[in-house]
Each structure stands twice: as structure tokens, then as C-alpha cells.
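Here the structure comes first, spelled out in C-alpha cells, and everything after it is commentary.
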2 protein chains.
Amino acid sequence: MAKVKRARIQDVAEKAGVSTMTVSRVMSKDTKVSAAKTALVMEAVNALNYRPNVAARRLAGSQSFLIGLLYFDLDTSYVSKFLLRGLKSCRATGHHLVADEIDDDIEKSIVAVKDLIEVTQVDGIILLPPVCDIPEVLTTLKEANVPFVRIAPDSQLNLSPYICMDDYQAGFEITELLIKQGHTKIGHIIGNPNQGASRLRYQGYLDALRSNQINVPPEYIEQGMFTYDSGFNAAKKMLALKDRPSAIFAANDEMAAGVISAAHMNQLTIPNQLSVTGFDDGHLATTVTPHLTTIRQPIQEMAALAIELIASKKFADASKANSREYRHVLDFEIVERESNAVKGT
Amino acid sequence: MAKVKRARIQDVAEKAGVSTMTVSRVMSKDTKVSAAKTALVMEAVNALNYRPNVAARRLAGSQSFLIGLLYFDLDTSYVSKFLLRGLKSCRATGHHLVADEIDDDIEKSIVAVKDLIEVTQVDGIILLPPVCDIPEVLTTLKEANVPFVRIAPDSQLNLSPYICMDDYQAGFEITELLIKQGHTKIGHIIGNPNQGASRLRYQGYLDALRSNQINVPPEYIEQGMFTYDSGFNAAKKMLALKDRPSAIFAANDEMAAGVISAAHMNQLTIPNQLSVTGFDDGHLATTVTPHLTTIRQPIQEMAALAIELIASKKFADASKANSREYRHVLDFEIVERESNAVKGT
DNA sequence: AAATGCAATGATATCGCTAACAATTCTTGT
DNA sequence: ACAAGAATTGTTAGCGATATCATTGCATTT
């Protein structure tokens, strides 16, 4: 098996009849190169199947081709989904991902962030919730002048570019879905109060009820923590009520799974006697029985976009400039499965 | 804030009074350098806080510092745990992880593997189960002469170095745990038959019963698929038996979660009326109510070891040489939680 | 004591690319 | 039609490490 040597930039330059710099410029899409030369170069690139050598780029250039990712809790499907998709996107641009866990120990967290900046010399950093709302982390990044994107941030929205979905609207729509199915006794389990998304989903729920002139007793609203246990306990209380709800909207899938479990224990069949909806569309949504009607978060799209943003050279300036142009609200999707149904008579 | 330039190999060499090559050799730990010079170099390295520039190493040397990771199903906590830990280990050695999903489309899979080898030029590849048992993938790797480590392989064990845990022993011990608690009517839900671990766990279960002179009717053994649904359905059948088991050992946590759900639906309290044990100790284990007694797989340790193996230069030769020395069986651990109890009278 | 061999160390030439600046071509106004 | 300025393209010099080969030093043999 003859080993074919990878084409170098020089090979491309020769084949296209231009200088290596022209090729370099075409590859990094930055400076303007005439359409004619660009075409010539691209032709040569394709003919030789040329792919720039990342190591050489890093050594010669100012980019490190490294992207930092700060997450909080490893064990959520949110993080791993984001990670896997991010890894894929990175491949396309020749970047690499450096992931770091942040925990409650703020001091340690700051060290990790500084390490990422100084030692690893990342081109940019992605902050997953809830890291994107830790003031100390944000301050450190700002001081170091490192560009960063936040995913679903809850505060200081004009501090940096960010990517999110409309949690409020999703909360509104999924509640309306239940209302349209004839439910009026709709309960809600609020998510972790430390994460802004909880509040938005809750507000969407409230407004959907209000705009349909539906009143629910305060017992229909319980505070959860985004965990299975908290959903389970909240549901236990609600289902023990004399006049129990006919539908429960849990602010994430884990709590919805807890609700289902509680319903099973109370001999309630789902969806006939109780409709349940979740939020996230993680692995769990199709794991529990019956499968959850839920909101699909565009996590993969968020990951791809985040990488793309940091990879684009413009980004570095952008984060300093007016960041209003760098707000990305992606679409969510209601995924209807078997955990909800028209209210029985 | 004055930006401190990172020390280069030359700075270290000057400070230590040796040539750059000596420093290089010390850093890569490979050739022998006298103890005296090594000490000198290390001192300078520490004083200057020197860290080799990975890009330069890659450009000049023969290593790519890239490690490929082939996985099958993204959505298991197995993969994400492995990934996160792997990412961490990579940081320490300056390597990077390139992850690629393999699916049922064998042809596409082979393309992905070849791409990893030829385009990405990885130093080595890690195969997660069940990718590590796909013959076409193994053949391709062998032909390309790329070193690889397999995690928990099921076949052709002397084909390559591998890392695993003793699934048989774990199955044996967790069954014995139930037996010691007085259970004799112990059911088992077998895992996906395409994964060798299923068979081993099952065999451990059988042998534990046998060595305690316990016989169970064939209805106590159901075939599952490692999914929640399959566990749920298997348990439904078993619990509907006239003489139902007092304990069920599911071959993974997801199926165990299904068992719990089925038990709830049958009004059985856990662990009083039914003991349940899982396998994996993933997120789910502490998510369901009650928390699962299960086997903690040393996934993180496996990840760290796999990276370490590939990072060590010796590895390249090793995979060609007699690979018998490269079998690593790591310890597991029984994690006792609340899903099992002494058999009620 | 000279010859031999091996281990430890050093000098030098790249690796493939981009930054910075230089040179060239193309606009455009007059 | 021509100069001035803008846009495009080319030239050169590294980036920071390792491979390769040459050299040195020292123990061992004769």
C-alpha cells in the first residue's frame, strides 16, 4: 500500500499557478482574493484533496485552534450532547475542544478558567449553563479579554454574544397544547430556581393559562430542582390533592419522569388519567413509559453555531464591539409522544 | 497586565546549559539522558514553567498527538463518561480527542475509520463497545497498521491490547449479594445479546446460583436489550407469574429502572416486596426511586488508562508485538443503595 | 597505551504554514 | 491619458519543536 503524501500548500500553489499566500488567504476566507484566483485555488485544492496542516497553522499563525468549553455538571445529557456535536463541528474547522468542569468552588473555577486562557491559550470559550451566569467567571474572562459565547445565559445579556432558545415561548406553547386538549387543571413543576430557564418556562405557563382565562389553585404549582426526586415528590403532593390536576407540565424531562413514577404508584394511567409533559427531549424522554411529550431543545444546533462563531475570525472583534448583533435565538420544537392526551370526560 | 511570553525550549536549554535536543529528549522521556543533565533540565523547566508547544511538536515530529475515539451510541452515559474523562487525560499529555460515531451502516463506518487514519492521522484509536467487535473495523485498523486499544472487547482478545473489567465476576458477586440476603427466587434480565458483556454477566448469575444449589424456573430469565422498555416488559412478565421472583438482577441500570417502574405499576414496594439490582452505576442509578444497588464500572479509569497507553510511545510497537502483556482487567465495585434488602419472611 | 564500541550529547536542517511588508495591478478623478 | 490611492498578489522570515547525523566522552578490550 503506497503511502500517498498529503498535499502541502506549496503543491496547491504550484498547481494553481499562484503564491502560497494566495492559497493561504483562500483557505482562511479572510482577506479578499479575486474570484478568478479563488476559483483556480479551489480547483487545485479539490484536485489534490488538500487539507491545511493544523499544526503548521497554529505554529505560524496567531490562532491556537483551541476552543474551551466550561460546563458544570457532567452527567446531564445536555452536556454530552453538546460535547459530541461540538467535537464534530471542530473537526470540520480543524479546531479542538478543551473541556473543563466548573464546580461550586468558585476559587478553583477561576483557576481553571485562567489556566484555559494562559496555558492552553484558547481562541475562545463556550460557557454552558449555569456556568454562563457565574459573575466571577464572566469577570475573569472580560479582564483577560478572551472572546466567549454563552449558551442560554440568564443575566447580563449584553455582556457577550450568546445563543439560546425561547424558553418562555416554549413554556407557553406546551401549556397551550394541554389547554387545547381540554385540560384546565394543569399543574406545573418549576425547575431549579438558580437557572433562569426555570423562571421563563414558568412564566410561559402562567401566561398561557391567563390568556385562556384559566385559574389554577396555588397547590398546582410546586417548586422542583430539575431532579427526578424533586419531580417525584412534587407530583406525589399534587396527586394527593382532593381535586388533582388532569395534566402536569414539568420543567424538564427528569422531573417529568418522576411525575410518571408517582402516577404509577397512584395507579393512574398515563395519558388517560393524567397527561404529563416534559422539557428537553433528552435520552430520558424516550426511555420512560410512556414516552414523553416534550420540547426539543436545539442543543446540537447550538453547539455547531457556537463553534462556528468562535472559529470565525470576525468574532474576536465582535465580542468587543456592540454585541447586540450577536444574539442568536434558535427554534425549538414540540415533540408529541404518548404522555399526553385529550382530557377524558 | 503584562503578557508573559511562554518559555521556549531554547530558553530552557540556555538556562540549563545544555542543547535543545537534550531538553527535547528529557521532555519526551524516551532516550536516555544522564541523571545529572535530566535534573538540570527539570530544574530549568520548573523555574521557567516550561510547557512544550504542541503545535511545534506535531509539525516537527512524527506524532500527531491526536487520538481517535470510535463509539456507537451517543446517548449512553457510558460514552459521555468515557469522553469527559478522556478529554481530561488528554489535556495532561497534550493530546486531543477526535470522536467519531459508528453506526449500523458498515460501509460508512469504514469510511469514517479510514478518514481518521489517513486524513486526521491519529496516533492511535480507542474502540468503545460494541465497536470493538465489528470485524470490518478491526480488519481495517490492522491493515492500516494503526495501534488501537479496545474497551471491553468480546472477541479476538489477542488481536490488540484491551481494557476491561470482569463482567462475569461482577455478575457472580451481585447475585451472591442477593443470595446472602436470603433470596432464592432471583430473576435475571439478560442484556443485548450482541454485546459480550451480556453473556458474561448472565453466566456469572447462573454460576452463582449453581454454586449455591439454587434452581430457578426458566421463566425467571428474560432476554432484554439494555433498554428501559425491554426491562419494563421483561419485568412485567416476570411479576405476572404466579410464583414471582423476590429479586431481579437486571444486566444494566436502564433495564433495572424499567423493572422498578413495572414493580410500581404492580403495587410492589421496593425493596420490601422486590429487590432490584442494576449494572453500570450511571446517572440513572441515583435518579430512580429508590436508588439502585448496582455495579460501578471503572469507566473513568478505563478512559485514563486508554489515553495513557496510546500516549506512551512504547505502545506503537507493543500492538505489533506480543499483545499478551497488554491486557488490563480493572476492578469493579458493588455499590449498595436502597433497591435491595433482606428477603421478607 | 591504543583501538574499539557504545552511550550521551550537540549542530543543523527542516516540518507547513502565516505575519508583515513589498511589489504589483486595478481603479478612479481630473 | 496620467498620477494618486486602493486593492490584490507575492516575497521573505520565522513560529518552536524534532529527526538525523556528527561528535564527544568514557569504559572495555587487546
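In what follows, chains carry the letters A, B, and so on, assigned in the order in which the sequence lines appear, proteins first and then strands, with residues in each chain numbered from 1.
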Of all pairs that satisfy ring pair (Phe, Tyr, Trp, His ring centres under 6.0 Å), the ones with a partner from residues 88-107 of chain B, not counting sequence neighbours: His96(A)-His96(B), Phe65(B)-His95(B)
Take the protein atom [atom1] of [X] and the nucleotide atom [atom2] of [N], then report the distance between them rounded to whole Å.
X	N	atom1	atom2	result
Asp123(B)	dT18(D)	CG	P	13 Å
Tyr50(B)	dG16(D)	OH	P	10 Å
Arg51(A)	dC17(C)	CZ	P	12 Å
Gln63(B)	dC15(C)	CD	P	19 Å
Asp11(A)	dG16(C)	CG	P	9 Å
Ile9(B)	dA19(D)	CD1	P	11 Å
Arg8(A)	dT14(C)	CZ	P	12 Å
Gln121(B)	dC15(C)	CD	P	15 Å

Near-strand residues of residues 14-22 of chain B, defined as heavy-atom separation under 4.0 angstrom from DNA chain C: Val18(B), Ser19(B), Met21(B), Thr22(B)
Separation between CZ of Phe148(A) and OG1 of Thr140(A), rounded to the nearest 0.5 Å: 10.0 Å
From CG (Leu83(A)) to CG (Leu83(B)), nearest 0.5 Å: 4.5 Å
SB check Asp100(B) Arg91(A) (cutoff 4.0 Å): yes
Ion pair check, Arg6(B) and Asp11(B), cut-off under 4.0 Å: no
Side-chain-base donor-acceptor pair under 3.5 Å for Arg25(B) and dG10(C): yes
Among dG16(D), dT18(C), dC17(C), the nucleotide that comes nearest once only the side chain of Ser24(A) is considered: dT18(C)
Closest to the Asn53(B) side chain, choosing from dG16(C), dC17(C), dA17(D): dA17(D)
Glu136(B) atom CD, neighbour heavy-atom count above 12 within 6.0 Å: yes
Sugar-phosphate, base or nothing in reach of Phe65(B), heavy atoms under 4.0 Å: nothing
5'-most by nearest nucleotide on DNA chain C - Lys37(B) or Ala56(B): Lys37(B)
Below 4.0 Å: OP1/OP2 of dA19(C) and any side-chain N or O of Ser62(A): yes
N/O (side chain, Ser34(A)) to phosphate O (OP1/OP2, dT9(D)) under 4.0 Å: yes
Flag, side chain of Ser64(B) to backbone of Leu66(B), donor-acceptor distance under 3.5 Å: yes
